[in-house]
2 protein chains.
Amino acid sequence: MTSSRNPRSAPTRHSREDVADAALDILNSYGLGDLTMRRLAQSLEVQPSALYWHYENKQSLLAHLADLIVDVPGSAAAETPGTTRVRTLCLALRERLLAYRDGAEVVASTLALGLGAEAPGRELTAALTDAGTDPETAQRVSGVLLHFILGQVSHEQQRAQAGSLGAATPTGTPESESAEFGFGIDLILGGLAALR
Amino acid sequence: MTSSRNPRSAPTRHSREDVADAALDILNSYGLGDLTMRRLAQSLEVQPSALYWHYENKQSLLAHLADLIVDVPGSAAAETPGTTRVRTLCLALRERLLAYRDGAEVVASTLALGLGAEAPGRELTAALTDAGTDPETAQRVSGVLLHFILGQVSHEQQRAQAGSLGAATPTGTPESESAEFGFGIDLILGGLAALR
DNA sequence: ACCTGAACACCGTTCAAGT
DNA sequence: ACCTGAACACCGTTCAAGT
């Protein structure tokens, strides 16, 4: 994706963003289990200790990655009305999570630790209040949607790589996963509609 | 909880269940992060390699723990009608997950890897079909409920120990967590009711 | 049936020092 | 501003061998 690393030449200094890019490369190529500080350092041709100049520790690196996975610059758009926009936001979030191997797990753990990746929750809550939901309910529905999205997608992603190792997991087709996902979102939004 | 370990005496052989009990003790006393094979061996006063006679690897030990956390022997009971029973099952599952530190995470990862902890999903699906839902819908609603439950509870549990380290996480009271949980379940079940 | 001893191939993190 | 070198305190897992 990035990093035209010149093999065997000058020391090549790195920025914080370089480190994040290299980490995302490893994530997509080998998965979260292989994203270690030592492996990352190796891919940047530095010593592991060099990474601690750019990030305080591994968790804060992962938090940065979670923000990159989840923040989509031109996403304020799509001014569809009411609850349709909420649905669109959910589908878009799923796509962003699926764009990176183990994306959902990275985001979920960062969110759980309160270290970042709060943008989707804010967007969802805003869309819900715009659709006429009161703030407290909007907050709670947003939470239900997020838990479902992160759970479903990380389940999906873990099955994908468990399945690639020949496990006998009864894996659904990509289309059936999408259908299941859409069903869940509609179920929750249907519950919201039934609330009033 | 168990283990009247006699200090400084005969070699004390262990069974597979002894190992699981000791693991649950460590889980509850120190959390999942401190549940390592080496620490577990130490608590049983054996070498780490001894554990691999009882379990093929760490994952299969965790899968066993997940089943113990989730399987409640006398739970076929509570013959309340229709969708009320579903709600009761969800609340009971939450209690079981909360009974062990990091219980939700242990169960979620085991479930994701397809290595166990499938009982709650089966119970929920059965209760839903008993309530008149067609099998495919029951399966999907059960999935939505499970993702929400595991997501909400593990969020809850991770905040609890992040908060115990003085982090500035805006932590809700135990009662507000329960209310939020109940709201989510009712939202989803409301969506199901609105489906017909 | 259950465990030891020793090894292998790893981890994240710290810290003084270099350029 | 960014990195090295060396160390510290750990991991999970394997395997021959013991009782």
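Residue numbers start from 1 in every chain, and the chains themselves are labelled A, B, ... in the order their sequence lines are given, proteins ahead of strands. Everything numeric here is computed off the predicted structure, so don't read it as measured data.
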Once you round it to whole Å, what is the distance between [atom2] of [N] and [atom1] of [X]?
X	N	atom1	atom2	answer
M37(A)	dT4(D)	CE	P	14 Å
L40(A)	dC11(C)	CG	C1'	14 Å
E45(A)	dT4(D)	CD	C1'	15 Å
L61(B)	dG12(D)	CG	P	10 Å
R39(B)	dC11(D)	CZ	C1'	13 Å
Y30(A)	dC11(C)	OH	P	14 Å
L44(B)	dT4(C)	CG	P	10 Å
Q59(A)	dC11(C)	CD	P	17 Å

Just compare dT4(D), dC3(C), dA1(D) and give me whichever is closest to any side-chain atom of R13(A).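 Selected nucleotide (nearest to the side chain): dA1(D).
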Take atom [atom1] in [N] and the same atom in [M], then report the distance between them in whole Å.
N	M	atom1	value
dC8(C)	dC11(D)	C1'	12 Å
dC2(C)	dA17(D)	P	22 Å
dA9(C)	dA9(D)	P	23 Å

Donor-acceptor contacts under 3.5 Å from residues 187-196 of chain A side chains, at least two apart:
none

For [X], ring-ring contact (aromatic ring centres under 6.0 Å, His included) partners two or more places apart:
X	answer
F181(A)	F148(A)
F183(B)	none
Y52(A)	none

Distance-only criterion, 3.5 Å: show the donor-acceptor pairs between side-chain atoms of residues 138-146 of chain A and protein atoms not counting sequence neighbours.
| unit_1 | atom_1 | unit_2 | atom_2 | d |
| --- | --- | --- | --- | --- |
| S142(A) | OG | G121(A) | O | 3.4 |
| S142(A) | OG | T125(A) | OG1 | 3.3 |

What residues, two or more places apart in sequence or in another chain, satisfy side-chain contact (heavy atoms from CB on, under 4.5 Å) together with A117(B)? A66(B), D67(B), V107(B), T110(B), L111(B)
Which residues in residues 49-57 of chain A have at least one heavy atom lying under 4.0 Å from any atom of DNA chain C?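 S49(A), Y52(A), N57(A), in order of number.
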Side-chain heavy atoms of C90(B) within contact of I149(B), under 4.5 Å: yes
Please tell me which of Q47(A) and R38(A) maps to the more 5' nucleotide of DNA chain D, matching each residue to the nucleotide holding its nearest heavy atom. Q47(A)
Using the side chain to side chain donor-acceptor pair (under 3.5 Å) rule, collect all pairs that involve residues 177-188 of chain B, keeping only residues at least two apart or in two chains. R87(B)-D186(B), R94(B)-S178(B), R159(B)-E177(B)
Are there more than 12 heavy atoms of other residues, nucleotides or ligands under 6.0 Å from atom CD of E118(B)? yes
What stems involve DNA chain C, if each pair must be Watson-Crick or G-U and both of its distances must be under 3.5 Å, with 3 or more such pairs in a row?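 C:4-8 with D:12-16, C:12-16 with D:4-8 - these are the stems of 3 or more pairs that involve DNA chain C.
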